[in-house]
2 protein chains.
Amino acid sequence: MYSIGDLSRRTSVKVPTIRYYEQMGLISAAHRSEGNQRRYEKADLERLAFIRHARDLGFDIPAIRELIALSRHPDLPCAGADRIAEDHLGAVRAKIEKLRKLEHELERIVSHCCGHSVEDCYVIRALSDHALCEAEH
Amino acid sequence: MYSIGDLSRRTSVKVPTIRYYEQMGLISAAHRSEGNQRRYEKADLERLAFIRHARDLGFDIPAIRELIALSRHPDLPCAGADRIAEDHLGAVRAKIEKLRKLEHELERIVSHCCGHSVEDCYVIRALSDHALCEAEH
DNA sequence: TCTTGAACCTATAGTCGCTAGAGGGATTAG
DNA sequence: CTAATCCCTCTAGCGACTATAGGTTCAAGA
């Protein structure tokens, strides 16, 4: 039997976050002590570690809910889980692509700025005048 | 004289967003018509285009506030603006780095999954067992 | 001039995944 | 038995908007 604090220390998930996950339906409502405090078992610890891991990999809460639901039906084909992971991978790649374009444009703007005063600062001028940009954004 | 809708169409900033920027102090409170509707001039349009452009480049609102303040003092050295842009570039690069690690790990997990049922799905197993991961995250 | 419909107004709540705080009760070590 | 630490619920805040409700003003056509 673990208290919520024990669970928190063992999974590195903060106490309020555990309560939040309960509210979001990612973990089922815990048993309570006589004094109404949450008491957890080993299965809860594993479940929470799963959630933590998925969050670290950037899955959002609805995706995690689906993954948990799938993991309770070992007989189903795993195409569902694969699709969730692939979709997420696609989203991560899209974000990287966007950020890379941003990086490129910012690099260009920063490196072009050799002025001394704000008046001829390339950073400010580029923001004021879209025509100074290389790509659309 | 532009109405808020004119301004919106010309800058591609949505009407509620323009009001939000006014609330956040990025644009000064507009003059009003007799019937209390906002009326803008060319200077407001340029200011809003500047903001839009900075947002597209990922600057957050406090940074934009600073950039606007700087752009009104053309005599100041432009090191302040440069630093804001460089800081932002650094943040963008850090995000890219994080996402690339995620991408790598997700690729690995997805590509290892050749199971047919959830029971031996590598996606689910990797989430359940952190030891299957290559890097810490 | 009147009417209609589009555009405008304010104020409030919702998004996401937590995090922080207030104000109180439970547990446990000494 | 007491004090320190933990735990409880409830509410509000973050950032940058977006959506909705309920009402007012404007502009163009009849």
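Just so it is clear: chains get the letters A, B, ... in the order the sequence lines come, proteins before strands, and each one is counted from 1. Just so we're clear, the structure is a prediction, and the values are computed from it rather than from any experiment.
- With sequence neighbours left out, the side-chain contact (heavy atoms from CB on, under 4.5 Å) criterion links Glu46(B) to Lys42(B).
- Considering only residues two or more places apart in sequence or on other chains, His88(A) meets the side chain to side chain donor-acceptor pair (under 3.5 Å) condition with none of them.
- Qualifying side chain to side chain donor-acceptor pair (under 3.5 Å) partners for Asp60(B), counting only residues two or more places apart in sequence or in other chains: none.
- At a threshold of 4.0 angstrom between heavy atoms, the contacts of Arg32(A) are confined to the sugar-phosphate backbone, with no base atom among them.
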> In the 5'-to-3' direction, what one-character label does each nucleotide of nucleotides 11-24 of chain C receive under the scheme B = base within less than 4.0 Å of a protein heavy atom, S = sugar-phosphate only, - = no such atom?
Replying inline: ------BBS-----
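- Note on Arg38(B): only backbone sugar-phosphate atoms sit closer than 4.0 angstrom, heavy atoms only; bases stay farther off.
- By the side chain to side chain donor-acceptor pair (under 3.5 Å) test, Glu107(B) pairs with Arg93(A), sequence neighbours left out.
- When the side chain to side chain donor-acceptor pair (under 3.5 Å) test is applied to Arg52(A), the partners found at least two apart in sequence or on another chain are Asp56(A).
- Ile18(B) places its CD1 atom 13 Å from the P atom of dT10(C), with the value rounded to the nearest Å.
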Let me have the donor-acceptor pairs involving side chains of residues 115-127 of chain B, under 3.5 Å, with sequence neighbours excluded, atom names and distances please.
unit_1: Ser117(B); atom_1: OG; unit_2: Asp120(B); atom_2: OD1; d: 3.4

With the criterion being N/O to N/O and under 3.5 Å, what pairs connect the protein with nucleotides 25-27 of chain C, and how long is each?
unit_1: dA26(C); atom_1: O4'; unit_2: Gln37(A); atom_2: NE2; d: 3.4
unit_1: dT27(C); atom_1: OP1; unit_2: Ser33(A); atom_2: OG; d: 3.1
unit_1: dT27(C); atom_1: OP1; unit_2: Gly35(A); atom_2: N; d: 3.3

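- Of all nucleotides in DNA chain D, those with any atom nearer than 4.0 Å to a heavy atom of chain B start and finish, going 5' to 3', at dA16(D) to dC26(D).
- Residues passing the side-chain contact (heavy atoms from CB on, under 4.5 Å) test with Gln37(A) are Ser33(A), Arg39(A), sequence neighbours excluded.
- The side-chain contact (heavy atoms from CB on, under 4.5 Å) test applied to Arg47(B) returns Ile27(B), Ile51(B), Ile68(B), Arg72(B), not counting sequence neighbours.
- A salt bridge does not link Arg19(B) with Glu22(B): every distance from a Lys NZ or Arg NE/NH1/NH2 to an Asp or Glu carboxylate oxygen is 4.0 Å or more.
- Shown here are the side-chain contact (heavy atoms from CB on, under 4.5 Å) partners of Asp6(A), two or more places apart in sequence or in another chain: Tyr2(A), Ser3(A), Arg9(A), Arg10(A).
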